[in-house]
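For reference, the structure is listed below as structure tokens.
In this text, all values refer to a predicted model and were calculated from it rather than measured experimentally.
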2 protein chains.
Amino acid sequence: MKPRGLSLYETIRAEIEGRILSGALKPGEKIPSELELMAHYGCARMTVSKALSALNTAGLLERRKRAGSFVARPRAVSMVLDVPDLGLEIAARGQSYAYRRIAQSIMARADDAHAAQQMGDVGSVLTIEGVHYADGQAIAHEARYVNLAAVPDIASQDFTDTAPGSWLIKHIPWTEAETRITAAAAPRAAAQALGVARGAPCLVIERRTWRGNDSVTFVRQMFLAGTYELIARFGSARAG
Amino acid sequence: MKPRGLSLYETIRAEIEGRILSGALKPGEKIPSELELMAHYGCARMTVSKALSALNTAGLLERRKRAGSFVARPRAVSMVLDVPDLGLEIAARGQSYAYRRIAQSIMARADDAHAAQQMGDVGSVLTIEGVHYADGQAIAHEARYVNLAAVPDIASQDFTDTAPGSWLIKHIPWTEAETRITAAAAPRAAAQALGVARGAPCLVIERRTWRGNDSVTFVRQMFLAGTYELIARFGSARAG
DNA sequence: CAGTGGTCTAGACCACTGA
DNA sequence: CAGTGGTCTAGACCACTGA
């Protein structure tokens, strides 16, 4: 059962994880103490501790002093949503990717009420509107707003055929981000840019990132229905 | 600078994390080796290793033998998507919640091709179709499929005005789940159930949960655009 | 009070890999 | 080849908390 190439603590972790996931160890059940496990595996306590700490971090165990380690009861469900760079993701599914800018300007406030509210009162805002293409088909309209005070370097960048998101993710560290996912009928501007009828169903992804208290950027991407999906996962096996 | 109550390795971790997030340490930059850090903090190498391993797991560092540890270049960002019980969430925003079943049956396979494919070849499937209401307005159509072999107890439950999801989340432990989020035009059946025109924009949430290798349930919820949103977050308030 | 987990030490051997 | 990270040992002291 021990897969080769696994270190001892990984082996211990995998064995206990397997017993939890298979249901052999049930939620709330106590697992052996570190002392018992070191006797069982014939190793130092640090090695057992490393395995159990990893399971604790992963949410599979709850550990209480004096009481012991217990199989965690499934809690509030939170899943992991991977948000890769759009260009890389489209390339990864075997399609060609392109971005084309429609408009770019600098203004005192975002010209979109929701964006302006999300970004707060910043000095000046770089606004970039563009379209993402997969295999030559327009799949998403993007309106991005960047706080120039937080990202002065962006003024010298050329976003004619490179999406500002790719540049931002590589160059600007942010500490917090919030993504809002909804559906909507395509409004006039987006429908026109995408070459579809007004009212076409779209997946709307709005993301605000900030750094400390400063807004960095706000972006709204409208994907034509059927061209894009978000996947969130929970669990160990299917990760990645 | 050292916050009280933090262990030494947490302090080391927090200091390096802070320098990365603030931008003092830039992506690709090399950080001191474990040997240099143990000299700087006057501690054992294991303590430094624990701090750097945690940052590595968190995706903030990349570690290469012989080369050293480097600030990771941000790639795929992973955010946390909370998936609360729909009824509780609607109540939390001050609206009344209701669920009404439309149809229920047991069949050998899911009558929906995508659902059948997602669930795999299970013996028999409980199919429940219903509508979720907020303040008396229909907001979502739900089609749920449950693997009866994995959840035999569900046969005795009454889902006339209680959504099966609420029962499942309380009673059935699952080990893995995957949520797919897309947008679509409402198909005929859903549009009819929701009392809107066919083709109305919808947010589509499909979730498959399983336990080990056994499918537990597959559900497709179609929310009318504007009635529901998903929020994913990343940031300092992440640990929860 | 005593068992448990949390952390830390001061070493060790090794695999890897870039200079 | 030599520096680095990966892992492991055999101890230690402590805080916590349930019996």
Those residues that, when tested against [X], pass side-chain contact (heavy atoms from CB on, under 4.5 Å) (two or more places apart):
X: A:Thr162; result: none
X: B:Gln95; result: B:Ile90, B:Arg93, B:Ala134, B:Asp135
X: B:Ala177; result: A:Met79, A:Phe234, B:Trp174, B:Thr209
X: B:Ala67; result: B:Arg64, B:Phe70

With nearest nucleotide decided by heavy atoms, which residue, B:Gly68 or B:Ser49, maps closer to the 5′ end of DNA chain D?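 The answer here is B:Gly68.
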Using the closest heavy atom to pick a nucleotide of DNA chain D for each, name whichever of A:Ser7 or A:Arg66 lands nearer the 5' end.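 Final value for this comparison: A:Ser7.
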Treat a base pair as Watson-Crick or G-U wobble with both distances under 3.5 Å, then lay out DNA chain C in dot-bracket form, 5' to 3', with | for cross-strand pairs. ||||||||||||||||||.
Partners of A:Glu229 by salt bridge (Lys or Arg N to Asp or Glu O under 4.0 Å), sequence neighbours excluded?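 If we apply the salt bridge (Lys or Arg N to Asp or Glu O under 4.0 Å) test to A:Glu229, skipping adjacent residues, the hits are B:Arg180.
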Any side-chain donor-acceptor pair under 3.5 Å between B:Asn147 and B:Ser215?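 Result is no, nothing qualifies.
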For residues 48-61 of chain A, which residue pairs pass the side chain to side chain donor-acceptor pair (under 3.5 Å) check, not counting sequence neighbours?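 As it turns out, there is no side chain to side chain donor-acceptor pair (under 3.5 Å) pair with a partner in residues 48-61 of chain A once direct neighbours are skipped.
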With sequence neighbours excluded, residues passing side-chain hydrogen bond (donor to acceptor under 3.5 Å, both in side chains) with B:Glu10: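 With sequence neighbours excluded, B:Glu10 shows a side-chain hydrogen bond (donor to acceptor under 3.5 Å, both in side chains) to B:Ser7, given in chain and number order.
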Using chain A heavy atoms and a threshold of under 4.0 Å, write down where along DNA chain C the contacts begin and end, 5' to 3'.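 For DNA chain C, the relevant span reads C:dA2 to C:dC8.
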